[in-house]
Student: 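Attaching a single structure in structure tokens format; questions to follow.
For ligands, and for the atoms within them, numbers begin at 1 and follow the listed sequence. Index from 1, following the sequence. Bear in mind that the values here come from a model prediction, so they are computed numbers and not experimental data.
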Amino acid sequence: MTDTIFAKIIRREIPADIVYEDDDVLGFRDLNAQAPVHVLFIPKRPLATLDDATPADAELLGKLLLSAAAYARTEGFAKEGYRTVINTNTHGGQTVFHIHVHLLAGRQMHWPPG
Ligand code: DGP
């Protein structure tokens, strides 16, 4: 996997507004926020896309989602609700090839997405 902007954020080589961190996961605000709350949850271990995930990544993928859910509860918007999204490859709209869960909240979400 080639180096990405998110790897540089993990290494603190470029700044980010980090709002969540544990041993395996980093959460930081999206630079191009699409909602009042827009946080990206990424694994500290590189994994490019969901399409690259294997059963060996099952625990890590679970941790990404649980981190987002824990953050939503801690910040007090879990009951109102939120959206979690993983964009994968070109048609999925993925632009940074270090897997990430988008957590969007603070406004009504609509379906279907564009
Ligand atoms: P995606 O399109 O799913 O690959 O989402 C990538 C997101 O990453 C996009 O919403 C914008 C965000 N992003 C890109 N570069 C940076 C950066 O340098 N810092 C932060 N905080 N977010 C970034």
Student: If you have a sec, work out which protein heavy atom is nearest atom 5 (O) of ligand 1 and how many Å separate them, to one decimal?
Tutor: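 For this ligand atom, the closest protein heavy atom is H100 NE2, 3.0 Å.
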
Student: Please work out whether any backbone atom (N, CA, C, O) or any side-chain heavy atom from C-beta onward of R29 is under 4.0 Å from ligand 1, and answer side chain, backbone, both or neither.
Tutor: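 Contact part for R29 vs ligand 1: backbone (N, CA, C, O).
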
Student: Under 30°, 30 to 60°, or over 60°: which ring-plane class applies to Y82 and F77, parallel, tilted or perpendicular?
Tutor: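 Perpendicular, since the angle between the ring planes exceeds 60°.
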
Student: List the closest protein heavy-atom neighbour of atom 17 (C) of ligand 1: residue, atom name, distance to the nearest 0.1 Å.
Tutor: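 Nearest neighbour among protein heavy atoms for atom 17 (C) of ligand 1, to 0.1 Å: L31 CD2, 3.7 Å.
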
Student: Measure the distance from atom 2 (O) of ligand 1 to every protein heavy atom, then report the residue, atom name and distance (to 0.1 Å) of the closest one.
Tutor: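 Nearest protein contact, heavy atoms only, for atom 2 (O) of ligand 1 is G93 O, 2.9 Å.
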
Student: Between ligand 1 and T95, is the shortest N or O to N or O distance under 3.5 Å?
Tutor: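 It does: an N or O of T95 is found under 3.5 Å from an N or O of ligand 1.
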
Student: Taking R12 first and then E21, would you say they form a salt bridge - that is, a charged N and a carboxylate O separated by under 4.0 Å?
Tutor: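 Counted as a salt bridge, because a side-chain N and a carboxylate O are separated by less than 4.0 Å.
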
Student: For atom 14 (C) of ligand 1, grab the closest protein heavy atom and report residue, atom and distance to one decimal in Å.
Tutor: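 That would be V96 CG2, 4.1 Å.
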
Student: Which heavy atom of the protein is the closest neighbour of atom 8 (O) of ligand 1, given with residue, atom name and distance?
Tutor: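 Sorting protein heavy atoms by distance from atom 8 (O) of ligand 1 puts F6 CZ, 3.4 Å first.
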
Student: If I apply the N/O under 3.5 Å rule, does H102 come out as touching ligand 1?
Tutor: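 For ligand 1, there is an N or O atom that lies under 3.5 Å from one belonging to H102.
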
Student: May I ask you to list the atoms of ligand 1 that are less than 4.0 angstrom from any heavy atom of Q94?
Tutor: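 Under 4.0 Å from Q94, ligand 1 has these atoms: 4 (O).
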
Student: So which bit of V85 gets within less than 4.0 Å of ligand 1, heavy atoms only: side chain, backbone, both or neither?
Tutor: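 V85 to ligand 1: no contact under 4.0 Å from either part.
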
Student: Using the side chain to side chain contact (heavy atoms under 4.5 Å, CB included) rule, pick out the option among D17, V19, I9 that qualifies with F28.
Tutor: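 Single side chain to side chain contact (heavy atoms under 4.5 Å, CB included) partner of F28 among D17, V19, I9: I9.
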
Student: Report the nearest protein non-hydrogen atom to atom 18 (O) of ligand 1: residue, atom name, distance rounded to 0.1 Å.
Tutor: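 Sorting protein heavy atoms by distance from atom 18 (O) of ligand 1 puts I5 CG1, 3.4 Å first.
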
Student: Show, in sequence, the C-alpha distance, side-chain angles and deciding distance for I99 and T49, and conclude whether the side-chain contact (heavy atoms from CB on, under 4.5 Å) test is met.
Tutor: CA-CA 5 Å; I99 195 170; T49 80; 5.9 Å; no

Student: May I have the step-by-step check of side-chain contact (heavy atoms from CB on, under 4.5 Å) for L40 and F6, ending in yes or no?
Tutor: CA-CA 10 Å; L40 303 173; F6 290 177; 3.6 Å; yes

Student: Measure the distance from atom 7 (C) of ligand 1 to every protein heavy atom, then report the residue, atom name and distance (to 0.1 Å) of the closest one.
Tutor: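 The closest heavy atom on the protein side is D30 OD2, 3.4 Å.
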
Student: Any chance the rings of H98 and H100 have centres within less than 6.0 Å?
Tutor: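 Between H98 and H100, the centre distance exceeds or equals 6.0 Å.
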
Student: Checking the side chain of K8 only, and the main-chain atoms of D3 only, is there a donor and an acceptor separated by less than 3.5 Å?
Tutor: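 No, because the side chain of K8 does not come within donor-acceptor range (under 3.5 Å) of the backbone of D3.
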
Student: More than 12 heavy atoms of other residues, nucleotides or ligands under 6.0 Å from CD of E13: is that the case?
Tutor: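 It does: E13 CD has more than 12 such atoms within range.
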
